[in-house]
Amino acid sequence: MSKQPVRVRFAPSPTGYLHVGGARTALFDWLFARKHNGTFILRIEDTDIERSSEEMTRGILDAMTWLGLHWDEGPYMQSAGFDQHRDAVSKLLESGHAYHCFCPPELLEQKRKEAAARKTDFKYDRICLRLAPDEVKRCLENEQRAAVRFKVPDGSVSFEDAVVGEVTISSETIEDFVLLRSNGQPTYHVSVVVDDIEMRITHVIRGADHISNTPKQILLYRALGAPIPVFAHIPLILGPDKTRLSKRHGATSVMAYQEQGILPEAMRNFLALLGWSPGTDQEFFEDDELIRAFSLEGISKANAVFNPEKLAWFNAQYIARLPHERLVPYLKPEYIKAGLWRDSLEREDAGWFRSLVDLYRPRAKVLQDFPKLSRFFFLDHVEYDQAAVDKFLKDEKVRGYLRTLADRLEALPEFSHHSLEAAVRSLADELGVKPAALMNPARVAITGQAIAPGLFDVMILLGRDKTVKRLRI
RNA sequence: GUCCCGUUCGUCUAGCCCGGUCUAGGACACAGCCCUUUCAAGGCUGCAGCACGGGUUCGAAUCCCGUACGGGACGCCA
């Protein structure tokens, strides 16, 4: 099977948004496909019609697109294959791998409850397997509602999981699971297996929560006479309380992170390292590096706790080092939202904007920080932080210093970092104060805040006129 | 209750397959110091871990067994 071209699929069910766990599975699928020049297929498992919605499907597609996980085929809708799934069940019925079951679901439900009360487990008791053929026929003719169950053969099922290693499960513990509901709808197991066969999936890479489904599915592959793919079950992502990540743990939707100002690059890099390791100390990966380094062997067997702080760190790092051309498309919408955008920023003021962005790169944690922190550059009126004013601008003497400084700056032959620094320092010297005693108030006067990037950088970017004007308060 | 899987710093992990090179390496977070005009960024240092118990071996984080703990699955959900 390794000779076959690699085909992997990501198969989310549209009963919720794409959460970080699903996103990581998708990422691993995608990486594996790319690594082996294979095909990455997106298949929406919408067979649970009641709980599935088109809106969720849309959301999943959007999240995948945002993450940059482009699929080569699909999205296929699993529901489109109902007929095929049903055909497969018929074949299994004919070949004796499956049988009709007339047990009312309520009865089974009750038996399960009783078993639970007795602290034992209930496995379908095969009552209908013992039905004589003509009895079955009569029931069917009477239009009795019938489900179809798989006849689990004796023995045990084992498979070599690419992550976990050999897994063996005794047939004793597998019940005769339902293939076709009494309403004629195929169940999940049939649908996945038939679709995976149909789509010639070579590697099934999915969450570890599917590990106990795998023996059932392998049984189906065998009964249908189809080649069995390689299985790779990746460990789950847990919340801080070490239970499976869910809504309870706060933001788990991938798109929620987009809204928070996280870069897809950072998310991808972070997710890649959650449960997978290149075996080296490398932390930052461009896509092509990641594809090259990725392998199933590097996937860890143990569950991983989702650590938002590390994601935040990756984000800050990516903001700091992403090339300007790649960063601006993320920044523009944020400036628009903040009402600070003007088209000249990507035309005549592009150079200015670039310098401004560079000023905030090491300071921004999320994209929104850029407009938030650089706001004073864009407004005509300074929005003063009261605490900062109280601390640095209350003293009339200090305000006098700033006015003097304004005069000096106005008269400067050139408005450069060097000349500004010299001017400030010499004035401080003349006044017999520390440079900081001049700079801190100046910062508040110019930016309105006690916290800002380097004062001279700010002055230059703001321009001489505005700087001088703001110093005269 | 049954079955399956897992267990290295608080967290993500390297090392485990091919026992000695591990006084267990890196990263996040945290603390301190340096740089410094504020804030960040950056640099340096520190804190902190092989779940436990047996075995095998000259030697075990690494191999074997058991225990504990954690997770997952047991549906006419996917």
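These numbers come from a predicted model, not from an experiment. The chains referred to below are lettered A, B, ... by the order of the sequence lines, with proteins before strands, and numbering in each begins at 1.
Distance from the side chain of A:A304 is smallest for B:U13 among the nucleotides B:A78, B:G6, B:U13. The side chain of A:V305 sits closest to B:C12 out of B:C12, B:A27, B:U38. Side-chain proximity of A:K310 to B:C28, B:A78, B:G6: nearest is B:C28. For A:N440, taking side-chain heavy atoms from C-beta onward, the closest of the listed nucleotides B:U37, B:C39, B:A78 is B:U37.
A:R9 and A:D196 are joined by a salt bridge, as a carboxylate oxygen and a charged side-chain nitrogen come within less than 4.0 angstrom of each other.
Between A:Q317 and the phosphate of B:G42, there is a side-chain N or O to OP1/OP2 separation shorter than 4.0 Å.
The separation of B:G54 from B:G71, taken at their C1' atoms, amounts to 26 Å, rounded to a whole angstrom. Spacing of P atoms, B:A24 relative to B:A51, comes out at 15 Å, to the nearest Å. Separation of the C1' atoms belonging to B:C3 and B:G19 is 33 Å when rounded to the nearest angstrom.
Among the atoms of the strands shown, base atoms are found under 4.0 Å from some heavy atom of A:P453.
Residues A:P12 and A:P235 both approach RNA chain B. Their nearest nucleotides, taken by heavy-atom distance, put A:P235 toward the 5′ side.
B:A73: Watson-Crick or G-U partner is B:U2, with both key distances under 3.5 Å. Base-pair partner of B:C22: not found among the strands shown (Watson-Crick or G-U wobble, both distances under 3.5 Å). Under the Watson-Crick or G-U wobble criterion, with both distances below 3.5 Å, B:G42 is paired with B:C34.
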Using atom names, set out every protein N or O paired with an N or O of nucleotides 71-77 of chain B below 3.5 Å, distance rounded to 0.1 Å.
{"residue": "B:G71", "atom": "O2'", "partner": "A:N303", "partner atom": "OD1", "Å": "3.0"}
{"residue": "B:G72", "atom": "O3'", "partner": "A:R244", "partner atom": "NH1", "Å": "3.4"}
{"residue": "B:A73", "atom": "OP1", "partner": "A:R244", "partner atom": "NH1", "Å": "2.6"}
{"residue": "B:A73", "atom": "O4'", "partner": "A:S212", "partner atom": "OG", "Å": "3.1"}
{"residue": "B:A73", "atom": "O2'", "partner": "A:S212", "partner atom": "OG", "Å": "2.6"}
{"residue": "B:G75", "atom": "OP2", "partner": "A:R112", "partner atom": "NE", "Å": "2.9"}
{"residue": "B:G75", "atom": "O5'", "partner": "A:E175", "partner atom": "OE2", "Å": "3.3"}
{"residue": "B:C76", "atom": "O2", "partner": "A:S182", "partner atom": "N", "Å": "2.9"}
{"residue": "B:C76", "atom": "O2", "partner": "A:S182", "partner atom": "OG", "Å": "2.9"}
{"residue": "B:C76", "atom": "N3", "partner": "A:S182", "partner atom": "OG", "Å": "3.0"}
{"residue": "B:C76", "atom": "N4", "partner": "A:C103", "partner atom": "O", "Å": "2.7"}
{"residue": "B:C77", "atom": "OP2", "partner": "A:R181", "partner atom": "NE", "Å": "2.2"}
{"residue": "B:C77", "atom": "OP2", "partner": "A:R181", "partner atom": "NH2", "Å": "3.0"}
{"residue": "B:C77", "atom": "O3'", "partner": "A:R181", "partner atom": "NH2", "Å": "2.8"}
{"residue": "B:C77", "atom": "O2'", "partner": "A:D48", "partner atom": "OD2", "Å": "2.5"}
{"residue": "B:C77", "atom": "O2'", "partner": "A:R51", "partner atom": "NH2", "Å": "3.3"}
{"residue": "B:C77", "atom": "O2", "partner": "A:R51", "partner atom": "NH2", "Å": "3.2"}

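Heavy-atom contacts from other residues, nucleotides or ligands closer than 6.0 Å to CD of A:E430 number more than 12.
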